[in-house]
Asker: 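Dumping the structure here so I can ask a few things about it.
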Amino acid sequence: MRVLSLFRVVLPLAIASRSQAQSRDQAILSDPDTACHNACRALKSSLATQTYHALTPDSVPAPDLVSSFFAIQQREIIPACWLTPLSAQDVSTAINILKEYGCHFAVKSGGHGASMGMSSSEGGVTIDMRMFDAVEILEAGKEGERARIGTGGRWGEVYKKLEPYRKTVIGGRDPRVGVGGFLLGGGISFISRRYGWALDNVVNYEVIIANGSISQISQATAPDLYWALRGGGNNFGIVTHFDLATYPLTQAWGGYNFYLLSDIPSRLSSLSIPPTPFTFTTSSLVQQVGNFVNWGACKLGYCTTITDWLNAYLSILEKEQYDIDTQVIAGIAYSSDLDIYIACANPIHAKAVPNPRAFAAFKKLPHVYSSNRIANYSTFHKELHDWNADGYRQFWATLTIKPNSTLMQNLISIFIQESQSLKQVKNVLPSFVFQAITADEILHMSRNGGNSLGLSDSDAPILTYSFTILYSKIEGGGGGEDRVIQEGGRRIVERSERVAKEMGLWHPFIYLNYADISQDVFSSYGTENHRKLKEVQKKWDPEGVFGKRLQPGGFKV
Ligand SMILES: Cc1cc2nc3c(=O)[nH]c(=O)nc-3n(C[C@H](O)[C@H](O)[C@H](O)COP(=O)(O)OP(=O)(O)OC[C@H]3O[C@@H](n4cnc5c(N)ncnc54)[C@H](O)[C@@H]3O)c2cc1C
């Protein structure tokens, strides 16, 4: 899950997308004879109303095809054409045309993949699955009841469509995240401790495989491909529908809690980082005000320390083991605009028990904001969305560790050092979260023949330490900053991994849905699982249609 971004953002997209559309048209018109333009013409003649190709006068891309990507880097990619298929048959036709012309492509569901080109195709065909947004209950009331969900839906809409049945599924916590990418990479929901990760709740996939056929893939029909799709990302086909187990819709207790920190000045000085110098600029003045408010709040007793906050989180990890309905995400964010660090804890109790015992240590910490209450899940999803601004450039990465106070203190020091080294980048907002992967979640991973992630319950508890760096909101203006941020982000991964390894507390798992594109996700599943994934791919996709050759974006097996 994405950590909090501190401010909600109103997107200044109108002007930017117009100028982007103009430059897109110029780029396309200047190079009309590539394989992909020919493929686009063929797509236009077979799937006329679904193809948006600048060489045909009636089809300039609708602007929201571009703005529906979460990260600005993805919006900047210029495809030869867009396709918004209406049916599985359309996807099959498209795959056959793309193979015939040797044109590369990308598949997009909700567009929340953070890296450039993950679900957008430079000079190729971006297949936007948005029209597959139907939700249907199959075999209602019977033992095999399941919800058939189109890959192009967003989780908020999916839950809304299931509400009249008083049912829910294991899906995303942010309502704008897409169904497809979330389910193919893993899927941690608010209720995963009780019911498992989302990928372990898929009982059937409707997939267009490499030979263009429309296949129903389940443990009964094709156990090897079914296993590979559970964690294998976009490497095995284009999924049009997922059948998911259903569960009763309930209420929950939880919310957001924010803590100001009193020990940042001493931490900075122990890391030999001098305080930010004052200059006569507006941003410097705002920073001084931020620091002054933080100082004043601490004087009035509203602050805690990183150590107390961390101990509260670690105490939950112990107690969490005994309460399968408790989940807490905890993290720290740095606002360069205000020059302050803020800690956060985001608890959920799935049985709607107020202030569960596991959260007691956090309850004792002085906080500056708390929204804990009993509410419908839709309220918690909306709240999470409100703290996750889109329209920024993004860097995401993750690693997995065993919980340990000294290690986590070290990781926080690395985070503080590196976030200070990035603060010259405008609007930079680095943050991290710890999230437990518990034994009860992992036990679900052996259901129906298991998934490909390679986790065993003897590994638990482990923690994902994932961080995001939000920065410039300007389209086309990321240039040099992208490099600085990527280098900084990758340095955090590399330094954190090194420390965790030295302390014998590193775990190899890299969670695909939070990973940076440079991370070797599939090796992290273990040698045997990686080998098996390659073997399944060779069997079902001998020409490598969904591999690097025609679909270069995303994580490759
Ligand atoms: C604000 C925010 C909150 C998040 N919260 C959570 C969370 O609570 N829990 C969690 O586990 N993760 C979370 N994530 C991570 C999220 O699950 C991943 O970013 C996921 O990939 C998004 O899926 P998407 O369909 O929106 O993305 P897309 O960018 O559309 O797709 C991501 C990848 O999946 C591939 N893909 C998509 N659809 C298909 C398909 N039908 N067939 C084949 N390949 C396909 C794409 O090609 C791409 O490589 C969050 C991300 C964000 C930005």
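Hydrogens, waters and symmetry mates play no part in the numbers below; they use all other heavy atoms, side chains included. Read the numbers this way: they start at 1 and go in the same order the structure lists the ligands and their atoms.
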Asker: Taking atom types as modelled, find out whether Q74 and S119 have a side-chain donor-acceptor pair closer than 3.5 angstrom.
Answerer: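 Side chains of Q74 and S119: pair found under 3.5 Å.
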Asker: Find all atoms of ligand 1 within a distance of less than 4.0 Å from any non-hydrogen atom belonging to Y511, and give their numbers and elements.
Answerer: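 Near Y511, meaning under 4.0 Å from one of its heavy atoms, ligand 1 has 10 (C), 11 (O).
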Asker: Does any donor atom in the side chain of T438 or R193 lie under 3.5 Å from an acceptor atom in the other side chain?
Answerer: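 Yes, because at least one side-chain N or O of T438 sits under 3.5 Å from a partner of the opposite role on R193.
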Asker: Under 4.0 Å from any heavy atom of I238, which atoms of ligand 1 are there?
Answerer: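 Once the distances to I238 are compared, the set is 42 (N).
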Asker: Short N/O distance, under 3.5 Å, between G554 and ligand 1?
Answerer: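 Looking only at distances, the answer is no, because the N/O contact criterion of under 3.5 Å is not met.
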Asker: Under 3.5 Å, is there a donor-acceptor pair between the Q394 and W396 side chains?
Answerer: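 Their side chains do contain a donor-acceptor pair, which is all the 3.5 Å distance test asks for.
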Asker: Can you tell me if H507 and D459 form a side-chain donor-acceptor pair at under 3.5 Å?
Answerer: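 Checked: H507/D459 side chains pair up, N/O donor to acceptor below 3.5 Å.
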Asker: Taking the basic N atoms (NZ, or NE/NH1/NH2) and the acidic carboxylate oxygens, is any pair closer than 4.0 Å for R549 and D541?
Answerer: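 Judged by the 4.0 Å cut-off on N to carboxylate O distance, R549 and D541 do not form a salt bridge.
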Asker: Looking at F522, I'd like to know if the NZ or CZ of K556 sits under 6.0 Å from its six-membered ring centre while staying within 45 degrees of the ring's axis.
Answerer: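 Geometry flag: not set, cation outside 6.0 Å or 45°.
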Asker: Taking 4.0 angstrom as the limit and counting only heavy atoms of F70, give me the atoms of ligand 1 inside it, by number and element.
Answerer: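 It comes down to these atoms of ligand 1: 1 (C), 53 (C).
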Asker: Within the 3.5 Å criterion, strictly below it, is a donor on E206 or T240 matched to an acceptor on the partner's side chain?
Answerer: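 Yes.
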Asker: Considering only heavy atoms of G110, which atoms of ligand 1 have at least one such atom less than 4.0 Å away?
Answerer: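 So the answer, numbered in order with elements, is 24 (P), 25 (O), 26 (O), 30 (O).
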Asker: Side chain or backbone of D174 under 4.0 Å from ligand 1, or both, or neither, by non-hydrogen atoms?
Answerer: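 The side chain, only.
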Asker: Heavy-atom distances under 4.0 Å decide this one: backbone, side chain, both or neither, for L384 against ligand 1?
Answerer: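 Neither; no heavy atom under 4.0 Å.
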Asker: Please list, in number order, the atoms of ligand 1 under 4.0 Å from a heavy atom of K108.
Answerer: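 This gives 30 (O) as the contact atoms.
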Asker: Under 3.5 Å, is there a donor on one side chain and an acceptor on the other for K351 and T250?
Answerer: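 Judged by distance alone, the side chains do not pair up.
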Asker: Below 4.0 Å, non-hydrogen atoms only: which portion of F69 touches ligand 1? Side chain, backbone, both or neither.
Answerer: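 Contact part for F69 vs ligand 1: neither.
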Asker: Evaluating non-hydrogen atoms only, which member of F190, W396, F182 is closest to atom 23 (O) of ligand 1?
Answerer: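 Checking each option, the heavy atom nearest atom 23 (O) of ligand 1 is found in F182.
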Asker: Regarding atom 33 (C) of ligand 1: of the candidates G232, G111, G181, which has the closest heavy atom?
Answerer: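 Looking at heavy atoms only, G181 sits closest to atom 33 (C) of ligand 1.
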Asker: Heavy-atom contact check, 4.0 Å cutoff: does G187 meet ligand 1?
Answerer: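 Judged by the 4.0 Å heavy-atom criterion, G187 does count as contacting ligand 1.
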Asker: Look at the SG atom of C103 and the SG atom of C40, then say if they are under 2.5 Å from each other.
Answerer: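 Their SG atoms do not fall under 2.5 Å; no disulfide, then.
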Asker: Among side-chain atoms of R146 and N204, is any donor-acceptor pair under 3.5 angstrom?
Answerer: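 No donor-acceptor contact under 3.5 Å links the two side chains.
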Asker: Using a strict 4.0 Å cut-off to heavy atoms of L184, name the atoms of ligand 1 that fall inside it.
Answerer: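 In order of numbering, the contacting atoms are 39 (C), 40 (C), 42 (N), 43 (C), 44 (N), 45 (C).
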Asker: Taking atom types as modelled and ignoring hydrogens, do the side chains of R194 and Q327 form a donor-acceptor contact shorter than 3.5 angstrom?
Answerer: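 Not at all, the side chains of R194 and Q327 share no donor-acceptor pair under 3.5 Å.
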Asker: Could you check whether D224 and W540, counting side-chain N and O atoms only, form a donor-acceptor pair closer than 3.5 Å?
Answerer: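 There is such a pair between these side chains.
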Asker: Going by the closest heavy atom to atom 36 (N) of ligand 1, which one wins out of L229, I188, V107?
Answerer: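 The option holding the nearest heavy atom is V107.
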Asker: Does M118 reach ligand 1, in the sense of a heavy atom lying below 4.0 Å from it?
Answerer: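 Under 4.0 Å: yes for M118.
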Asker: When only distance counts, is Q551 in polar contact with ligand 1, meaning an N/O pair under 3.5 Å?
Answerer: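 By distance alone, the answer is no.
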Asker: Atoms of ligand 1 less than 4.0 Å from G237 heavy atoms?
Answerer: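 Counting atoms of ligand 1 from 1, those under 4.0 Å from G237 are 42 (N), 43 (C).
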Asker: Would T240 count as being in polar contact with ligand 1, using the rule that some N or O on each side must be under 3.5 angstrom apart?
Answerer: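 N/O-N/O distance under 3.5 Å: no.
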Asker: Give yes or no for whether the N/O distance cutoff of 3.5 Å, strictly under, is met between G113 and ligand 1.
Answerer: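 Yes; the residue has a nitrogen or oxygen that sits under 3.5 Å from a nitrogen or oxygen of the ligand.
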Asker: Does K532 qualify as a cation-pi partner of W227, given the criterion of NZ or CZ under 6.0 Å from the six-membered ring centre and within 45 degrees of its axis?
Answerer: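 So K532 does make the cation-pi contact.
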Asker: Is the closest heavy-atom distance from A114 to ligand 1 below 4.0 Å?
Answerer: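 So A114 does not count as touching ligand 1.
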Asker: Could a heavy atom of F555 be found less than 4.0 Å from some atom of ligand 1?
Answerer: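 Per 4.0 Å heavy-atom rule, F555 does not contact ligand 1.
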Asker: Identify which of N235, N388, V239, V177 has a heavy atom lying nearest to atom 41 (N) of ligand 1.
Answerer: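 Nearest heavy atom to atom 41 (N) of ligand 1 lies in V239.
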Asker: Crowded around K160 NZ? As in, over 12 foreign heavy atoms under 6.0 Å?
Answerer: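 Counting other residues, nucleotides and ligands, NZ of K160 stays at 12 neighbours or fewer.
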Asker: Find all atoms of ligand 1 within a distance of less than 4.0 Å from any non-hydrogen atom belonging to R173, and give their numbers and elements.
Answerer: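 With R173 as reference, the close atoms of ligand 1 come out as 7 (C), 8 (O), 9 (N).
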